[in-house]
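The model shown is predicted, which means the values in this text are computed figures rather than measured ones. Residue numbering restarts at 1 for every chain, and letters A, B, ... go by the order of the sequence lines. Below, each value reflects all heavy atoms present in this structure, side chains not excepted, and no hydrogens, waters or symmetry copies.
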Number of protein chains: 2
Amino acid sequence: MPDDVAGRVVGSRMRDVAKQAGVSPMTVSRALRDPSKVSEGVRRRVEEAVRAVGYVPNRLAGNLSSMRSNVIGLVVPSLDNSLYAPTIQSISAVLRDSGYQLMIADCGYSLEGEEALIIAFLAQQVAGLMLHDTRHTRTACEMIRRAGVPVVETGTLVPDPLDMVVSYSNQDAAGAMVRHLHRLGYRRIAFVSLPAGNNDRSRDRQAGYRAALAALDLPAEPGLMLEMPPGLASGAEAVVRLMQGPTPPDAIFMAGDVLAAGALFECQRRGWAVPGKVALAAFDDIDMLRHVVPPITTLRLPRSGIGRRGAEVLLDRIEGRCKERVVVDLGFEIIQREST
Amino acid sequence: MPDDVAGRVVGSRMRDVAKQAGVSPMTVSRALRDPSKVSEGVRRRVEEAVRAVGYVPNRLAGNLSSMRSNVIGLVVPSLDNSLYAPTIQSISAVLRDSGYQLMIADCGYSLEGEEALIIAFLAQQVAGLMLHDTRHTRTACEMIRRAGVPVVETGTLVPDPLDMVVSYSNQDAAGAMVRHLHRLGYRRIAFVSLPAGNNDRSRDRQAGYRAALAALDLPAEPGLMLEMPPGLASGAEAVVRLMQGPTPPDAIFMAGDVLAAGALFECQRRGWAVPGKVALAAFDDIDMLRHVVPPITTLRLPRSGIGRRGAEVLLDRIEGRCKERVVVDLGFEIIQREST
DNA sequence: TTGTATGCGTTATCAA
DNA sequence: TTGATAACGCATACAA
């Protein structure tokens, strides 16, 4: 029963249930975690006793004693960014269905921040980690290795994974869109992305853009590449700067989150026909891009699948169903719409 | 040092550090949690030993032993909805700066789901709870009461809070927008919201709309109220249904998340002037609404402030800095733009 | 300032 | 099928 101990209300413990049911605590433990290991009568009495005393198991104690954990730690660069929402949602669903809990933290695109969070998660004895950045401090890598905790990286298809990877290739995706625009006849393809400095995905996308240009024998004009901070306003600014430059592009590939929508809204304001004056392509199929006028050509990324499969392979490993260091490429898809 | 025990790699324990530093485990514990309680020399030796053996404290054991917890549980109706992102981000920032961890789960707008998550969080021995729904099952309330865990509700200014509340009033906000539209001269004000069935906020907003109409002596025509599922497409459908009805409105107040943007895009497609043919107002100042053409009048809600203040009052309570059951009204603001 | 004994609530292990 | 005992890793309380 609830007791007030030193100003702190505590719940009932397993031995309260045991007393109530007239069995030993160990039997309660068994009845709760594997009912088939106790007799029918005991099982019923324990169930009743649990209800009677309002017992809620203490998973801290359970985890400590069993040297197991039912907590997964997730580090994302930012929680403010709705891009991670579908991924987090899917992770959450898989974990919930398997009796795991999700611990989330954001590192603000900082490697040192990520390191601190990883250590905090290890201190919490997480059973596994999911990371969205693909570069990590030496200390972070070392800590993870020593702890022997399974890790899934989800940001991009990294060449030298810590452990497991579930993602798509940002580099391939950017290249595929450039080739798509080229097939449609565009030749002066500009590229706008978030700053690559603190964002691995942006770096990969820039590399994919450059590689595709080279493969297509298109010149890589520095004036056609722009780095902009996130936000609709940045997209608007980018399209203006590119179109008012000396040799404007005939297509702009916006590889930032909502940059493309910002660019389109700016075109609407200025009466610039899309794709008549300039074609627009985006990276990531957020719902909005399908509904604006005109709808924007984009890449559909496996946001939700990354969360689901990532959580699945992590749990498979934790529960011993799979020993390997899998690398899962979930691919991407080009969605051709009216803006190109 | 890491040891392989029964297939499981374990980290170093406090007594490994103690041995290395030539002191007792208790001294290590003190040196780590309150360095001022040990001598200078011991402090240095412990710090070195910690680095030498790569020690990471086991917070499960620490929490169990101290009967404290550094974990906060947050339940949101959905993680897929980017609306909660700024709130979660702010909570995360406050907790991180105070050495707490955030456990997140989504209940899918289900009361039973919420109950299960609350029980799971209590089993994890969370130090506090943040809930975004305002109705809870009897069992959930009972569990929380018995556990004596501080709770902050953030969904709306509830009349009968479980404990503490940090929010704004959805009802007042909806009413304020109706009065604003009335001041601008609109008289046939339609109202579109998400289904109220599983969403307390929608219910409150509908009530606010109705109350404001009554106060303004405007008739409450059933044909002017619509419930739509979330999404841009719903907004588009809603505006069409309202405008093609027998007596179309002169203004539509879209109290759903991105419904207003969907409605505007549909008006763009059909060439309906906004606000010439119909005025549009929204609920919640997502960035997009400022950038579309025309920018949409809306209510600015304290999304981020709710997270920050909510986490702050929760920690104040947990750490004994405040005993009261505070109710914080963070208010709202009407942002008049060109769509009305 | 430091160390010793004890307990946190559960599970592993082994004996009955 | 059940129970007694000993961890799990750390912190509280008290003694030195």
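- Distance OG1/Thr139(B) to NE2/His136(B): 13.0 Å, rounded to 0.5 Å.
- For Tyr55(A), a side-chain nitrogen or oxygen approaches OP1 or OP2 of dT10(C) to under 4.0 Å.
- Nearest-nucleotide assignment on DNA chain C puts the 5′-proximal partner with Val38(B), out of Arg59(A) and Val38(B).
- Checking the phosphate oxygens (OP1, OP2) of dC8(D), no side-chain nitrogen or oxygen of Ser66(A) falls inside 4.0 Å.
- When the nucleotides dT2(C), dC8(D), dA13(D) are ranked by their closest atom to the side chain of Met67(A), dC8(D) comes out on top.
- Distance CG/Leu157(A) to CG/Leu330(A): 9.0 Å, rounded to 0.5 Å.
- In the displayed structure, Arg321(B) atom CZ is contacted under 6.0 Å by more than 12 heavy atoms of other residues, nucleotides or ligands.
- Going from atom CZ of Arg13(B) over to atom C1' of dG9(D) covers 9 Å, rounded to whole Å.
- Here the straight-line distance linking atom CG of Asp200(A) with atom CG of Leu111(A) works out to 7.5 Å at 0.5 Å rounding.
- Looking at Asp133(A) and Arg201(A), a side-chain N of the basic residue comes within less than 4.0 Å of a carboxylate O on the acidic one, giving a salt bridge.
- Taking every side-chain heavy atom of Val23(A) into account, dG3(D) is the closest of dT2(C), dA11(D), dG3(D).
- Among dA11(D), dC8(D), dA12(C), the nucleotide with an atom closest to any side-chain atom of Arg68(A) is dA12(C).
- Closest to the Met14(B) side chain, of the nucleotides dA12(C), dA11(D), dG9(D), is dA11(D).
- In this entry the distance linking CZ of Arg15(A) with P of dA4(D) reads 14 Å, nearest Å.
- Regarding Asn63(A), its CG atom lies at a distance of 19 Å from the P atom of dC8(C), rounded to whole Å.
- The side chain of Leu64(B) has dG9(D) as its nearest neighbour among dA12(C), dG9(D), dT2(D).
- The distance between atom CG of Asp34(B) and atom P of dC10(D), rounded to the nearest whole Å, is 18 Å.
- Using a 4.0 Å heavy-atom distance criterion, Pro57(A) is classed as a sugar-phosphate-only contact.
- Following rounding to the nearest Å, Arg45(A) (CZ) and dT1(D) (C1') show an atom-to-atom distance of 12 Å.
- With hydrogens and angles ignored, a donor-acceptor pair under 3.5 angstrom links the side chain of Arg30(B) to the base of dG3(C).
- In this model, the phosphate group of dA11(D) is approached by a side-chain N or O of Arg33(B) to a distance below 4.0 Å at OP1 or OP2.
- Note on Ser29(A): every side-chain N or O is 4.0 Å or more away from OP1 and OP2 of dT10(C).
- In this structure, the CG atom of Asn58(B) is 5 Å from the P atom of dC10(D), given to the nearest Å.
- Rounded to a whole Å, the CD atom of Gln125(B) is 11 Å from the C1' atom of dT10(C).
- At whole-Å resolution of the value, NZ in Lys19(B) and P in dG9(D) are 13 Å apart.
- Between dG9(C) and Ser65(A), no contact under 4.0 Å exists linking OP1 or OP2 to a side-chain N or O.
- At least one side-chain nitrogen or oxygen of Thr27(A) sits closer than 4.0 Å to the OP1 or OP2 atom of dG3(D).
- Between Arg13(B) and Asp16(B), at least one side-chain nitrogen of the basic residue sits less than 4.0 Å from a carboxylate oxygen of the acidic one, meeting the salt-bridge criterion.
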